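Just below is one structure, and these are the notes that go with it.
None of these values were measured; they are calculated from a predicted model.
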Amino acid sequence: MITLRSNNKVKIPASYLKNPLHFLSLGFGSGLMPKAPGTFGTVAAVPVYFLMSDLSLTWYLLITLIITLFGVYLCGYTSKALGVHDHSGIVIDEIAGFLIAMIAVPFSLLNIVIGFVLFRIFDIVKPWPIGWLDKKIHGGSGIMIDDVVAGVFSLICLHLINYYLPV
């Protein structure tokens, strides 16, 4: 069996990328990077954000909500198939979290970089309640919730930065 690299003990078979549900949950393959798959998953979110940046706020929110809710299913689906809760290769949660971080933020490359950095910090450090939620909630919802809240924290910080120091 051909396998792709991951930093978990459970290897992800290359055939998973042929399954559209796994392909999406693995962030278009970005989650298979051997180092920092969550960061690469967030990198994969940037082009998605670019595609959505010209949408009205209503459409942006709707698509972000759909990605987030569908992400719960995708995380559970791929996690169950791998037999591992929250495999590091599953990064649809990072994509949803970054899109949440960028809600109604003025479009600029600087805001994208700041949003990216803030989101990665909150996702990695997991301050309360992010870390608590990550430990207490399981399944697809548990995989998604810490990134959703990290996205909300990033969103608040990014809006405060833009209010006090417009970028």
Side-chain angles (χ1 to χ4, degrees), residues 6-10 12 16 19-33 35-49 51-52 55 57-105 111-161:
S6 77
N7 65 352
N8 284 54
K9 292 180 182 183
V10 173
I12 298 175
Y16 272 44
N19 177 322
L21 298 178
H22 292 313
F23 181 72
L24 292 172
S25 69
L26 298 172
F28 321 111
S30 64
L32 300 175
M33 298 303 288
K35 302 279 186 202
T39 298
F40 281 99
T42 308
V43 168
V46 173
V48 176
Y49 171 70
L51 291 171
M52 294 173 56
L55 296 173
L57 180 58
T58 301
W59 279 108
Y60 187 96
L61 290 171
L62 181 62
I63 292 169
T64 301
L65 179 64
I66 290 168
I67 290 170
T68 302
L69 294 176
F70 191 49
V72 171
Y73 172 76
L74 291 172
C75 289
Y77 178 83
T78 299
S79 182
K80 184 176 179 181
L82 291 170
V84 176
H85 173 70
D86 204 359
H87 190 286
S88 63
I90 300 171
V91 294
I92 188 67
D93 49 334
E94 272 80 11
I95 294 171
F98 181 73
L99 293 176
I100 291 167
M102 301 307 291
I103 292 171
V105 173
N111 273 331
I112 292 168
V113 170
I114 294 170
F116 184 95
V117 170
L118 285 170
F119 175 71
R120 291 308 303 144
I121 289 170
F122 283 119
D123 189 33
I124 292 166
V125 175
K126 297 189 187 318
W128 191 90
I130 298 170
W132 183 82
L133 291 166
D134 188 43
K135 290 176 184 149
K136 296 292 183 185
I137 301 174
H138 303 287
S141 298
I143 296 170
M144 288 292 293
I145 192 66
D146 63 313
D147 295 273
V148 167
V149 178
V152 170
F153 281 19
S154 303
L155 170 72
I156 293 167
C157 291
L158 199 47
H159 277 277
L160 288 171
I161 288 168

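A distance of 7.5 Å separates OG of Ser30 from CG of Leu32, quoted to the nearest 0.5 Å. To the nearest 0.5 Å, atom CD of residue Glu94 and atom CZ of residue Phe119 are 5.5 Å apart. Atom-to-atom distance recorded for Leu57:CG and Ile103:CD1 is 7.5 Å, nearest 0.5 angstrom. For the atom pair Leu61 CG and Ile63 CD1, the distance stands at 10.0 Å (nearest 0.5 Å). For the atom pair Phe116 CZ and Thr39 OG1, the distance stands at 5.5 Å (nearest 0.5 Å).
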All N/O donor-acceptor pairs, side-chain side in residues 121-139, below 3.5 Å, sequence neighbours left out:
from: Asp123; atom 1: OD1; to: Lys126; atom 2: NZ; distance (Å): 3.2
from: Asp123; atom 1: OD2; to: Arg120; atom 2: NH1; distance (Å): 2.7
from: Lys126; atom 1: NZ; to: Asp123; atom 2: O; distance (Å): 2.8
from: Lys126; atom 1: NZ; to: Asp146; atom 2: OD2; distance (Å): 2.6

Sequence neighbours left out, cut at 3.5 Å: what donor-acceptor pairs do the side chains of residues 64-83 make with other protein atoms?
from: Thr64; atom 1: OG1; to: Tyr60; atom 2: O; distance (Å): 2.8
from: Thr68; atom 1: OG1; to: Thr64; atom 2: O; distance (Å): 2.8
from: Tyr77; atom 1: OH; to: Asn19; atom 2: ND2; distance (Å): 3.1
from: Thr78; atom 1: OG1; to: His22; atom 2: ND1; distance (Å): 2.8
from: Thr78; atom 1: OG1; to: Ser25; atom 2: OG; distance (Å): 2.5
from: Thr78; atom 1: OG1; to: Leu74; atom 2: O; distance (Å): 3.4
from: Ser79; atom 1: OG; to: Val84; atom 2: O; distance (Å): 2.5

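The side-chain heavy atoms of Ile161 and Leu118, taken from C-beta on, include a pair separated by under 4.5 Å.
Between Gly89 and Leu26 the shortest heavy-atom distance is O-CD2, 3.2 Å. Across all their heavy atoms, Ala101 and Ser154 have their closest contact at CB-CB, 3.7 Å. The shortest heavy-atom contact between Asn111 and Met102 is O-CE, 3.7 Å.
Taking the side chain to side chain contact (heavy atoms under 4.5 Å, CB included) definition, one finds that Leu51 meets it with nothing, sequence neighbours left out.
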